[in-house]
There are 2 protein chains.
Amino acid sequence: MAKAARRVTSADVARAVGVSRTTVSFVLNDRPGQSIPEETRRRVLEAAQRLGYRPHAPARALAAGRSDIVLLSLHSMTQGPTVTSVVEGLAAALAARRLTLVLHLGGEGTRPLPDVCAAVAASAVLGLEPFDAATSAALYEAGADVVLPTETDSLADYQREVGRLQAEHLIARGHGRIGYATPGIALAEPIANERLRGVGQACAAAGLAPPVVLTVDLEADSAARAVAGWRQEGVSAVCAYSDEVAVAVLAGLRERGLAAPDDLAVVGVEDMPTARLAGPPLTTVAFDSHALGRELADAVLEALEGRRYGLAADARHFRLIPRSST
Amino acid sequence: MAKAARRVTSADVARAVGVSRTTVSFVLNDRPGQSIPEETRRRVLEAAQRLGYRPHAPARALAAGRSDIVLLSLHSMTQGPTVTSVVEGLAAALAARRLTLVLHLGGEGTRPLPDVCAAVAASAVLGLEPFDAATSAALYEAGADVVLPTETDSLADYQREVGRLQAEHLIARGHGRIGYATPGIALAEPIANERLRGVGQACAAAGLAPPVVLTVDLEADSAARAVAGWRQEGVSAVCAYSDEVAVAVLAGLRERGLAAPDDLAVVGVEDMPTARLAGPPLTTVAFDSHALGRELADAVLEALEGRRYGLAADARHFRLIPRSST
DNA sequence: ATGAAAGCGCTAACAG
DNA sequence: CTGTTAGCGCTTTCAT
């Protein structure tokens, strides 16, 4: 099955056109500050095209000392339509700058991120939540030039905004005691905590008591117990960490012979199809994740060029979608 | 944010130990057929460790003519727990052979797969469904040594097995007229067709009429129309392409004031959490996707070594999980 | 405006 | 058993 065919090299192109490899390199990378006659330029491009020339990435990386690979680290927790579209937005924005995005899905038996970073010689390593100092250091050690976001980037603002939107919607509907449904999963905790904080801020701003936090696993029993807990506390509406968790709450209600929104209103995050199709359809917070992807891309680009970058929540990226679960 | 620190090279390690780079290369790759004294070996390893040496992947790829990168192409359609765990199984099995898996998520504005392949200098490119001849060719052109699966690999058997399991379950429960719910999405079609074929085979084997195929989009209205269609045809049970589609059917039933399993039994594929938590909980077909991942890994490894590989459905990888929607 | 030449860090014959 | 010697394909000063 393996193919042998000798690669077409830049020397082949140079020879075909009758110029030096240097010239070929200059036009192919359209290096600024060089003045190559349009005619030469055209002929080089044409020959490259005709011969099916592809720059050899490893050689280029070796010589130039940097690759055009950007690595995005994901874990199974972070999945669904939102992430898909963040990735699309990011990939598109990076592609426009000639950078290539690849993904690493962390998990069971998977390689450590720094190893992957080194293996693909990534120039930048990205995540959907801040890397702690130790991880960043390991990533730099592995050859990354840029690691994003770090703990000093206030990506957390994004998450707080989500919580705030959920709670404000509920408060506007007249709910006076809010609950929060968190999954009992370590990986989700950093994000869950920020979202919860946002909920808390909205409650405080409205003069309400802090949210009643309960853990709900992705099964009906666990959710049913939480439902009982909230009702006992006089909670009439709950913000869920995600649509998945929210659907679990819905299942918990069903198990108790109750239903949203009358017995307990519930709002999720993500706008995933199965939640939109739940009984009842779930109110949720959606991201303009393409925009978020583009923003991340901008930050990477700036950092890669050694400029200062900014990464801050923009409320316009979020949108509460009311449906019948509230 | 950018780091400068000169890389530690194999020459540094060699110098530290007082041997040549060759020796270092040999012990680090523990090259077979070389007899390096345990003592030397140990000292090299120790020095490498101490200096924090990491082989430079591009240099290695350039010199050796091949990388240890395997690229898996995914598109947004294929997502969820199953894929996650295929990826984990695959990554783990590859890691054991010192290969690194990275993902490419195709979609809107994303780079063409061959470009990504070239950018990471992948030795092998994998997909979850067969690549057509043109794509394979482009991938080889882009430098891949192995492309898997191709149209000659009977990966389709896996999908037919899924459909067969769904239908047999329904038939065993006494259903005499089966429906099939397919999403109206081009990307899903190849797989949907195979699964449907499996359903058809089970029906034929039981002496039943072929399944009544209806398209259902991921929204209640569309599903409600399909539900009406099936009931009119005397269909009492439907196999859905996926859990997502199955949840839509459930929503369609709800919209009509009907419910599974009495008015229409429904079975999905994937075993995703939100479907398990649906009303009613969804019967589904789950994969042992870790196993599938390992199998794919074996095939890659064999192909990479130029050996013949086999890729065939193993019924033990699938399991029907009965719940109350049937 | 273009070319010559010197590497980037590593592997792999081939000697010794 | 280990070292010497060539490159792998590309970028990039520095001359011309």
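Values in this document were obtained by computation on a predicted structure and should not be read as measured data.
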- Message: Using a heavy-atom cut-off of 4.0 Å across all strands, would you classify A:P58 as base, sugar-phosphate, or nothing?
- Response: nothing
- Query: Can you check the A:N29 CG to D:dT12 P distance for me, whole Å?
  - Reply: 8 Å
- Note on the structure: Here the distance between atom P of D:dT4 and atom CZ of B:F26, to the nearest Å, is 14 Å
- Item | Closest nucleotide among C:dG3, D:dC10, C:dT11 to the B:A64 side chain | C:dT11
- Donor-acceptor pair under 3.5 Å, B:T22 side chain vs D:dT4 base: yes
- Message: Using only atom types and a distance under 3.5 Å, with no angle test, would you say the side chain of A:E88 pairs donor to acceptor with the backbone of B:G109?
- Response: no
- Ignoring backbone atoms, test whether B:R60 places a side-chain nitrogen or oxygen under 4.0 Å from the OP1 or OP2 oxygen of C:dG9. no
- Message: One thing to verify: whether B:R97 and B:D68 come together as a salt bridge, which I'm taking to mean a side-chain N less than 4.0 angstrom from a carboxylate O.
- Response: no
- With no angle test and no hydrogens, is the base of C:dA4 tied to the side chain of A:S20 by a donor-acceptor pair under 3.5 Å? no
- Query: Can you say whether the rings of B:Y158 and B:F318 are parallel (under 30°), tilted (30 to 60°) or perpendicular (over 60°)?
  - Reply: perpendicular
- How is A:S25 classified with respect to the nucleic acid when contacts are heavy atoms under 4.0 Å: base, sugar-phosphate, or nothing? base
- Query: Roughly, in whole Å, what's the span from CZ in A:R54 to C1' in D:dC10?
  - Reply: 16 Å
- In whole angstroms, the gap separating P of D:dC8 from CZ of A:R21 amounts to 10 Å
- Using a 4.0 Å heavy-atom cut-off across all strands, classify A:R66 as base, sugar-phosphate, or nothing. sugar-phosphate
- Rounded off to whole Å, could you give me the CG-to-C1' distance for the A:L28 and D:dT12 pair? 15 Å
- Item | Nucleotide D:dG3, atom P - distance to CZ of B:R15 in whole Å | 14 Å
- Message: Closest approach to the side chain of A:H56, judged atom by atom: which nucleotide of D:dG3, C:dC10, D:dG9 is it?
- Response: D:dG9
- Task: In plain terms, say whether A:D12 and A:R7 are close enough for a salt bridge, that is, a side-chain N and a carboxylate O under 4.0 Å apart.
- Result: no
- Message: Consider side chain to side chain donor-acceptor pair (under 3.5 Å). Of A:R43, A:R50, A:Q49, which one does A:E46 pass it with?
- Response: A:R50
- Message: Is it the case that C:dA1 (base atoms only) and A:T23 (side chain only) share a donor and an acceptor within less than 3.5 Å, ignoring hydrogens and angles?
- Response: no
- Spacing between A:E39 atom CD and C:dT2 atom C1', to the nearest angstrom: 15 Å
- Message: Could you tell me how far apart A:L62 (CG) and D:dG7 (P) are, to the nearest whole angstrom?
- Response: 17 Å
